[in-house]
Amino acid sequence: MNPTLICTIPSPSPIYEIAMRRDCLSNPGVFMRTLPSLRQRVAVVTDDTVALLYAQHICHHLVVSGIAAELCAFPSGEKSKTRATKELLEDQLFARGFGRDTTIIAVGGGVVTDMAGYLAATYCRGVQLIMIPTSLLAMVDASIGGKAAVDVPSCKNLVGCFYQPSKVIIDPSALATLPLRELRNGIVEMIKKALVADPAYFDFLETHVEELLSLNAAVVDKAIFESCRIKKEFVEQDERDCSKRRLLNFGHTIGHALEVLTKFSLSHGEAVAIGILVESYIAERLGKLSNESLERIQTIFRSYGLTFRLPEQYSIKNMCEAVLFRGQPRFVLISGIGLPFSYGMEVDKAVLEDALGWMNDVVCFN
Ligand SMILES: NC(=O)c1ccc[n+]([C@@H]2O[C@H](COP(=O)([O-])OP(=O)(O)OC[C@H]3O[C@@H](n4cnc5c(N)ncnc54)[C@H](O)[C@@H]3O)[C@@H](O)[C@H]2O)c1
Ligand SMILES: [Zn+2]
């Protein structure tokens with residue numbers, strides 16, 4: 001006898017609000033009304049830069065409102081997004097007696113939202129998670145969609161899970177303190193979304209450069225809203241990154257390789273901007289994308305001040321190795337602005353080498 005039982009667990013689809021509330025972080029009354037109901041204890045997870053700017057105030061508002069909230073901060077930057085930091089945070093929570101009835105509120109950039117997401121997913125097998133992104137990249141990308149991970153020495157985001165928050169609260173006024181280089185990182189992710197999903201949004205980003213860089217409130221709010229809308233629509237259709245969501249990896253096959261090759265001296269946005277350009281060039285060489293569209297893509301990045309500079313010239317061989325590190329690379333390719341035609345195309349090595357040569361000779365070192 002080989003008895004077999006079928007275990008069928010209905011999996012409820014999580015539904016959550018992504019609430020844009022300008023100035024809510026500086027207005028305790030509005031902030032408290034924007035929060036969902038919280039668990040018994042609250043851990044505000046942040047990095048040490050954002051702690052001083054926002055997270056300490058948030059913790060203070062909570063405590064003044066009678067909520068048992070405590071701050072857990074770790075050093076800022078990608079170098080902290082490790083298993084070791086997660087363990088330190090877990091130890092802090094154990095030591096302070098946090099149990100299952102905990103809410104974790106992530107306040108910070110994508111490093112914090114990734115770290116806090118993974119922590120919330122595994123602490124006591126899962127506790128409530130609220131995202132309060134403070135970098136543009138985290139507002140438009142990292143805080144939405146439930147991907148949570150940490151890096152290992154050889155690879156980014158290799159250990160993690162999917163875990164959706166119960167609410168995302170975005171206060172775009174927090175961008176006032178964000179350094180310009182970090183702002184540009186977020187703008188690259190916005191342009192990426194426009195390129196794979198929405199030509200009208202691309203036009204908007206193309207025609208509002210000054211307003212976006214100078215943080216004009218109406219323009220920033222619209223730009224963030226459209227990016228969040230695109231991201232949530234992709235996540236709704238493909239939470240686990242098996243098909244359509246992969247379009248959001250546009251530019252990242254080359255971009256991740258450049259981040260690793262340059263030992264992260266290029267920021268994520270800078271690397272992805274070059275990646276988007278190279279991957280657009282591949283589409284052009286394959287006869288799918290017009291030269292005019294390729295020019296438009298290059299022009300929009302330059303208009304936002306992205307310069308496509310690599311710290312040194314790498315050989316085609318070394319760059320190819322970096323791209324091939326994770327196995328046969330697959331590319332998101334577009335056939336026009338806002339018109340993707342593949343979320344996982346293999347391209348010939350000769351085409352890849354040609355594109356990397358173009359990147360070196362024409363884009364980065366001309
Ligand atoms: N989970 C996802 O879906 C997803 C998507 C995209 C990116 N990511 C991850 O996000 C990370 C990058 O995020 P990031 O660019 O926000 O980096 P980050 O979190 O390191 O933030 C960048 C810097 O800005 C500071 N900062 C954040 N908000 C600030 C503010 N309002 N004022 C002043 N300084 C502020 C931070 O302290 C940090 O020094 C990467 O690890 C990437 O893998 C995840
Ligand atoms: Zn990215």
Side-chain angles (χ1 to χ4, degrees), residues 25-26 45-55 57-58 73-82 85 106-118 121 129 131-152 155-165 168 170-193 195-196 215 220 227-228 231-232 234-235 239-241 245-256 258-260 264 266-276 332:
L25 295 185
S26 50
V45 173
T46 188
D47 69 28
D48 50 15
T49 306
V50 179
L52 297 176
L53 291 166
Y54 302 102
H57 300 294
I58 288 174
F74 60 85
S76 63
E78 187 74 29
K79 62 183 180 319
S80 286
K81 213 179 91 171
T82 60
T85 306
V107 185
V111 166
V112 170
T113 56
D114 275 14
M115 173 62 69
Y118 189 28
L129 170 68
M131 298 291 204
I132 304 186
T134 60
S135 72
L136 182 59
L137 187 140
M139 291 178 192
V140 300
D141 209 338
S143 64
I144 302 164
K147 269 196 200 173
V150 295
D151 304 332
V152 298
C155 201
K156 261 183 75 113
N157 297 332
L158 200 66
V159 180
C161 63
F162 289 89
Y163 193 69
Q164 301 294 343
V168 181
I170 300 174
D171 177 356
S173 70
L175 300 177
T177 53
L178 191 71
L180 179 60
R181 193 176 179 207
E182 300 299 343
L183 189 73
R184 286 198 183 108
N185 286 334
I187 291 171
V188 171
E189 299 285 3
M190 288 172 155
I191 294 171
K192 173 197 76 181
K193 292 198 187 69
L195 284 169
V196 296
L215 298 182
V220 168
S227 254
C228 292
K231 174 112 193 210
K232 77 109 193 168
F234 278 44
V235 171
E239 185 199 7
R240 298 278 157 151
D241 214 4
R245 188 172 177 175
R246 291 194 186 166
L247 291 174
L248 297 174
N249 294 335
F250 186 37
H252 285 61
T253 306
I254 299 288
H256 279 152
L258 292 176
E259 281 184 279
V260 172
F264 295 94
L266 281 190
S267 70
H268 182 68
E270 289 158 353
V272 169
I274 299 175
I276 287 174
V332 174

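For ligands, and for the atoms within them, numbers begin at 1 and follow the listed sequence. This one's a predicted model, so the numbers in the text were calculated from it and none came from an experiment.
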List ligand 1 atoms under 4.0 Å from [X], heavy atoms only on the residue side.
X: K231; value: 3 (O)
X: V50; value: 26 (N), 27 (C), 28 (N), 37 (O)
X: T49; value: 37 (O)
X: D141; value: 5 (C), 6 (C)
X: T134; value: 27 (C), 28 (N), 29 (C), 30 (C), 31 (N)
X: K156; value: 40 (C), 41 (O), 42 (C), 43 (O)

Among all protein heavy atoms in this structure, tell me which lies nearest to [atom], with the distance rounded to 0.1 Å.
atom: atom 12 (C) of ligand 1; result: L137 CD2, 3.8 Å
atom: atom 35 (C) of ligand 1; result: L178 CD1, 3.5 Å
atom: atom 41 (O) of ligand 1; result: E78 OE1, 2.6 Å
atom: atom 9 (C) of ligand 1; result: D114 OD2, 3.5 Å
atom: atom 16 (O) of ligand 1; result: S135 OG, 2.6 Å
atom: atom 37 (O) of ligand 1; result: D47 OD2, 2.8 Å
atom: atom 2 (C) of ligand 1; result: A142 CA, 3.6 Å

task = Indicate, as side chain, backbone, both or neither, the part of K147 found under 4.0 angstrom from ligand 1 when only non-hydrogen atoms are considered.
result = both
task = Check N157 against ligand 1 and report side chain, backbone, both or neither, counting heavy atoms closer than 4.0 Å.
result = side chain
Quick one: [atom1] on [X] to [atom2] on [Y], what's the gap to the nearest 0.5 Å?
X: S135; Y: D141; atom1: OG; atom2: CG; value: 9.5 Å
X: R246; Y: L248; atom1: CZ; atom2: CG; value: 12.0 Å
X: Q164; Y: M131; atom1: CD; atom2: CE; value: 9.0 Å

Nearest to the Zn ion (ligand 2) - the N/O/S atom of E189, by atom name = OE2
Pick from [options]: the one approaching [atom] most closely through a non-hydrogen atom:
atom: atom 19 (O) of ligand 1; options: V111, D48, L53; value: V111
atom: atom 43 (O) of ligand 1; options: K81, K79, H268; value: K81
atom: atom 21 (O) of ligand 1; options: P179, A174, G109; value: G109

task = Would you mind reporting whether I58 and L25 have side-chain heavy atoms less than 4.5 Å apart?
result = yes
remark   = Test side-chain contact (heavy atoms from CB on, under 4.5 Å), reference D151, set N157, V159, L158, output is N157
Between [X] and ligand 1, is there a nitrogen or oxygen pair with a distance under 3.5 Å?
X: R245; value: no
X: G110; value: yes
X: T177; value: yes
X: G77; value: no
X: N185; value: no

request  = Return the minimal non-hydrogen interatomic distance between N249 and V332, and the atom names on each side.
outcome  = C-CG2, 4.1 Å
ask   = Just one of E189, E78, E182 clears the side chain to side chain donor-acceptor pair (under 3.5 Å) bar with H268, so which one?
value = E189
message = Would you say atom 25 (C) of ligand 1 makes contact with the protein, given that contact here means a non-hydrogen protein atom less than 4.0 Å away?
response = no
ask   = Step by step, would you call M115 with S80 a side chain to side chain contact (heavy atoms under 4.5 Å, CB included)?
value = CA-CA 9 Å; M115 173 62 69; S80 286; 5.9 Å; no
